[in-house]
Amino acid sequence: MKIEQRIDEAVAPLREKIRDLELSLSQKYPPVKFLSEKDRKRILITGGAGFVGSHLTDKLMMDGHEVTVVDNFFTGRKRNVEHWIGHENFELINHDVVEPLYIEVDQIYHLASPASPPNYMYNPIKTLKTNTIGTLNMLGLAKRVGARLLLASTSEVYGDPEVHPQNEEYWGHVNPIGPRACYDEGKRVAETMCYAYMKQEGVEVRVARIFNTFGSRMHMNDGRVVSNFILQALQGEPLTVRMVRASVSVGTDVMEVHEMCSQGNPEEHTILEFARLIKSLVVSRSQIQFLPEAQDDPQRRRPDIRKAKMMLGWEPVVPLEEGLNKTIQYFSRELEHQANNQYIPKPKAARMKKGRPRHN
Ligand SMILES: O=C(O)[C@H]1O[C@H](OP(=O)(O)OP(=O)(O)OC[C@H]2O[C@@H](n3ccc(=O)[nH]c3=O)[C@H](O)[C@@H]2O)[C@H](O)[C@@H](O)[C@@H]1O
């Protein structure tokens with residue numbers, strides 16, 4: 001290898017570092033409203049570096065509040081909130097909610113938990129601990145400091161529903177020992193804990209049962225249907241259809257919730273329709289591949305959002321195709337980012353003298 005080429009290779013990572021440094025020095029934050037001391041809240045978001053949590057962080061920061069994000073980065077990523085790092089209203093703490101947390105806050109948005117089936121099934125005991133011990137810790141904090149707490153729950157509390165569409169009065173149909181139980185039952189007991197703290201200790205609680213979501217900042221390995229299909233279509237791989245049931249979306253709407261509400265897009269589509277739609281939006285040549293159904297996979301789900309509409313005036317505002325197109329753009333950029341980063345020369349292993357390595 002020529003000497004110039006070797007120098008170039010050695011200097012490339014330094015160039016990259018200088019560029020990052022320059023970027024961080026010239027960093028401008030998104031515009032933030034000014035709130036008086038009286039209106040400004042100190043808000044804790046557990047799981048605030050995740051897909052839904054980071055969008056909520058943006059909304060509350062831009063509204064002018066002080067936001068503390070707590071994340072253990074199992075599925076969350078620093079990249080999702082890096083545009084706020086250094087802002088005087090923002091703090092990022094690497095912490096696992098399974099351990100107690102002692103801080104002063106006015107409101108808690110408790111979102112910490114893996115949410116996609118592959119992620120929550122990866123370590124079911126940890127998923128249970130996060131949703132039970134983690135929720136107890138956050139409710140304990142809410143009680144101590146007099147904060148209001150919102151729990152991000154899930155339509156999975158309905159299990160494989162026998163009632164369609166699902167409203168808040170339906171108690172659900174969950175297999176308590178099946179592969180999804182760590183999440184379904186974990187969230188069910190988390191809801192139970194919220195209402196016990198409300199009744200016994202007077203803690204103000206809110207519960208949002210969020211249905212299947214997709215949007216920017218989803219992890220590439222999330223494994224939920226929309227991100228899987230988009231990535232497969234973009235990479236020309238077969239779209240893996242396991243089920244022909246209904247699914248729903250909330251795009252990236254940030255929701256305001258009071259009391260208990262089911263929230264999602266009541267527009268219902270089969271999984272095959274999603275596969276075909278995504279394939280055509282991506283203009284992909286991918287095939288559609290039919291796989292066997294997963295165990296305990298719910299047959300149909302659709303939220304009845306009448307209560308959310310009546311009490312909060314909430315309804316989804318992002319049309320399906322618009323949400324899908326934005327998500328497609330996001331994943332295309334992610335794939336590009338990944339491909340570009342592959343060209344950065346990896347640091348070479350330290351050269352060793354010939355002979356056996358010594359261990360001191
Ligand atoms: O629906 C919900 O309420 C819940 O959505 C997800 O659960 P799920 O809908 O099972 O998530 P997906 O993995 O996106 O599955 C949706 C459907 O698509 C199918 N699917 C998934 C992935 C895939 O590659 N192919 C495929 O056909 C699944 O078998 C399933 O029938 C999350 O686990 C929950 O956090 C969320 O609340």
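Just so you know, ligand 1 is whichever comes first in the structure, and atom 1 is the first atom listed for that ligand.
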Check your understanding: Does P117 come within less than 4.0 angstrom of ligand 1, counting non-hydrogen atoms of the residue?
Key -> yes

**Study point:** Salt-bridge present (D8, K2; N to O < 4.0 Å)
**Key:** no

Point to revise | Selection from Q289, E156, R242 by shortest heavy-atom distance to atom 7 (O) of ligand 1 | key: E156

Check your understanding: What part of D297 sits under 4.0 Å from ligand 1 if we count only heavy atoms: the side chain, the backbone, both or neither?
Key -> side chain

Check your understanding: So is S116 polar-close to ligand 1, meaning N/O to N/O under 3.5 Å?
Key -> no

Review point. Can we say R180 and D296 salt-bridge, meaning some charged N sits less than 4.0 Å from an Asp/Glu carboxylate O?
Key: no

Review point. Quick one: do K279 and E273 make a salt bridge, cutoff under 4.0 Å?
Key: no

Review point. Is there at least one pair of N or O atoms, one from Q232 and one from ligand 1, spaced under 3.5 Å apart?
Key: no

Point to revise | Interfacing atoms of ligand 1 (cut-off 4.0 Å, heavy-atom, V241) | key: 27 (O)

Point to revise | Salt-bridge criterion met for E191 and R209 (N-O under 4.0 Å) | key: yes

Exercise for review: Classify the contact between T213 and ligand 1 as side chain, backbone, both or neither, using a heavy-atom distance cut-off of under 4.0 Å.
Suggested key: neither

Point to revise | Contact check, F274 vs ligand 1, heavy-atom distance below 4.0 Å | key: no

Review point. Considering all heavy atoms of both residues, which atom of C182 and which atom of P124 are nearest to each other, and what is their separation?
Key: CB-O, 3.5 Å

Review point. Looking only at heavy atoms of Y158, does any of them come nearer than 4.0 Å to an atom of ligand 1?
Key: no

Study note, to complete from the structure: Check: of V226, N228, I271, min heavy-atom distance to atom 24 (O) of ligand 1 comes from N228

Check your understanding: What about F229: any of its N or O atoms under 3.5 Å from an N or O on ligand 1?
Key -> no

Review point. Quick one: does E293 get within less than 4.0 Å of ligand 1, heavy atoms only?
Key: no

Revision key, fill the gap. If we number the atoms of ligand 1 from 1 as shown, the ones under 4.0 Å from a heavy atom of S155 are 1 (O), 2 (C), 3 (O), 4 (C), 37 (O)

Check your understanding: Is there a donor in the side chain of N131 and an acceptor in the side chain of S113, or the other way round, less than 3.5 Å apart?
Key -> yes

Study note, to complete from the structure: Taken in chain and number order and not counting sequence neighbours, the residues that satisfy salt bridge (Lys or Arg N to Asp or Glu O under 4.0 Å) with E66 are R40

Review point. Can we say D58 and R217 salt-bridge, meaning some charged N sits less than 4.0 Å from an Asp/Glu carboxylate O?
Key: yes

Review point. For ligand 1, does R180 get within less than 4.0 Å through its side chain, its backbone, both, or neither, judged by non-hydrogen atoms?
Key: side chain

Check your understanding: Taking only residues two or more places apart in sequence, or in another chain, which ones meet K143 in a salt bridge (Lys or Arg N to Asp or Glu O under 4.0 Å)?
Key -> E201

Practice item. Before signing off on this row, confirm whether F211 and ligand 1 have an N or O atom pair separated by under 3.5 Å. Key: no

